[in-house]
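This chain uses plain numbering: 1 for the first residue, then up along the sequence.
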Amino acid sequence: MKKTGIIVSGFALLAFAACKSSTKETQSAEKRATFFDKSGMDTTVKPGDDFFTYANGAWIKATKIPDDQSGWGSFITLHEENQKKMRAILEEAAANKSAAKGSTEQKVGDYYASGMDTVAMENKGYEPLKPIMQKIAAVKDYKELVNYLAEGYAAGEGDLFGFNIGPDDKNSTRNIAAMYQNGLTLPEKDYYAKNDPTTVEQRAKMVEYATKLFMMTGTDSVAASKKAADVLKLETEIAKSHLA
């Protein structure tokens with residue numbers, strides 16, 4: 001199973017943002033007044049005794065993890081702020097009905113607007129998924145499965161294993177192809193192996209969710225429940241191969 005959402009090209013957003021910036025010649029770059037923020041430090045602690053608390057102690061005491069988050073920190077707040085700024089750019093582009101046809105602003109705005117049109121999505125149902133489901137149903141053996149997965153990666157999708165391009169850990173002057181474990185709906189392998197009440201409940205919720213998805217494609221409740229259980233069984237086997 002795969003989580004779906006609206007993904008807007010980072011390059012398109014950067015291009016659009018660059019265009020917006022270039023039109024505002026009167027704006028000058030802001031200079032940071034403070035280059036090193038000491039407000040989160042606890043200088044009452046000797047760095048040699050506990051450097052972590054020395055560097056972060058005041059921030060930890062003053063910070064509460066939001067109820068909808070599993071953790072919190074500077075990189076998360078940076079991500080949240082960037083998300084808000086991107087949303088503002090997208091909403092502005094979508095609202096601009098006079099953008100030149102074929103321009104970056106028109107393309108980004110229309111793409112975002114189409115992704116936010118929940119009425120159209122509901123009317124289409126699972127129709128857009130039918131071609132993909134037909135391809136999956138046509139897979140007969142592992143060789144065809146590998147070919148299907150390869151096609152997915154060529155189209156910018158893919159599953160079962162992760163793939164990206166990034167700096168070589170042993171030589172940061174070059175980028176290399178990197179592959180990593182993937183293919184699970186739940187966060188990590190322990191969700192498929194542990195039998196404490198909370199973990200068992202999470203697996204049951206996953207099966208319940210998968211059952212609803214199958215039923216939304218017209219599958220009867222009995223068959224949908226069986227297929228959902230098969231999904232959990234398959235992912236459990238995949239989880240066994242994961243390192244963590």
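- For the pair Asn195 and Arg203, the minimum side-chain heavy-atom distance is below 4.5 Å.
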message: Checking Ile165 against Ile176 for the side-chain contact (heavy atoms from CB on, under 4.5 Å) test, could you report, in this order, the C-alpha distance in whole Å, the side-chain angles of both residues, the deciding distance, and whether it holds?
response: CA-CA 6 Å; Ile165 303 296; Ile176 61 171; over 6 Å; no
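- Other residues, nucleotides and ligands place more than 12 heavy atoms under 6.0 Å from the OH atom of Tyr180.
- Under 3.5 Å, the side chains of Glu92 and Asn96 contain no donor-acceptor pair of N or O atoms.
- One N or O on the side chain of Thr211 and one on the backbone of Val207 form a donor-acceptor pair closer than 3.5 Å.
- A salt bridge does not link Lys46 to Asp50: none of the charged nitrogens lies less than 4.0 Å from a carboxylate oxygen.
- Only one option out of Glu81, Lys85, Arg87, His79 pairs with Gln83 in a side-chain contact (heavy atoms from CB on, under 4.5 Å); it is His79.
- When side chains are defined from C-beta on, Tyr191 does not count as touching Met206, because their heavy atoms never get closer than 4.5 Å.
- Across every non-hydrogen atom of Leu243 and Gln181, the tightest pair is N-OE1, 2.9 Å.
- Atom CG of Asn164 has more than 12 neighbouring heavy atoms from other residues, nucleotides or ligands inside a 6.0 Å radius.
- With hydrogens and angles ignored, the 3.5 Å screen pairs no side-chain donor or acceptor of Tyr209 with any backbone N or O of Ala204.
- With Lys140 contributing its side chain and Ala137 its backbone, the two residues share no donor-acceptor pair below 3.5 Å.
- Heavy atoms of other residues, nucleotides or ligands lying less than 6.0 angstrom from CG of Asp67 number 12 at most.
- Closest approach of Tyr54 to Val45, counting heavy atoms only: CD1-O, 3.1 Å.
- For His242 (side chain) and Glu188 (main-chain N/O), no donor-acceptor pair under 3.5 Å exists by modelled atom type.
- Atom CG of Asp110 is separated from atom NZ of Lys101 by 8.0 Å, given to the nearest 0.5 angstrom.
- Inspection of the Thr185 and Glu235 side chains reveals an N or O donor paired with an N or O acceptor under 3.5 Å.
- No cation-pi contact links Lys38 to Phe36, judged by a cut-off of 6.0 Å to the six-membered ring centre and 45° from its axis.
- In this structure, a donor-acceptor pair under 3.5 Å is present between the side chains of Thr199 and Asp196.
- Under 4.0 Å is where a charged nitrogen must lie from a carboxylate oxygen, and between Glu127 and Lys124 no such pair does.
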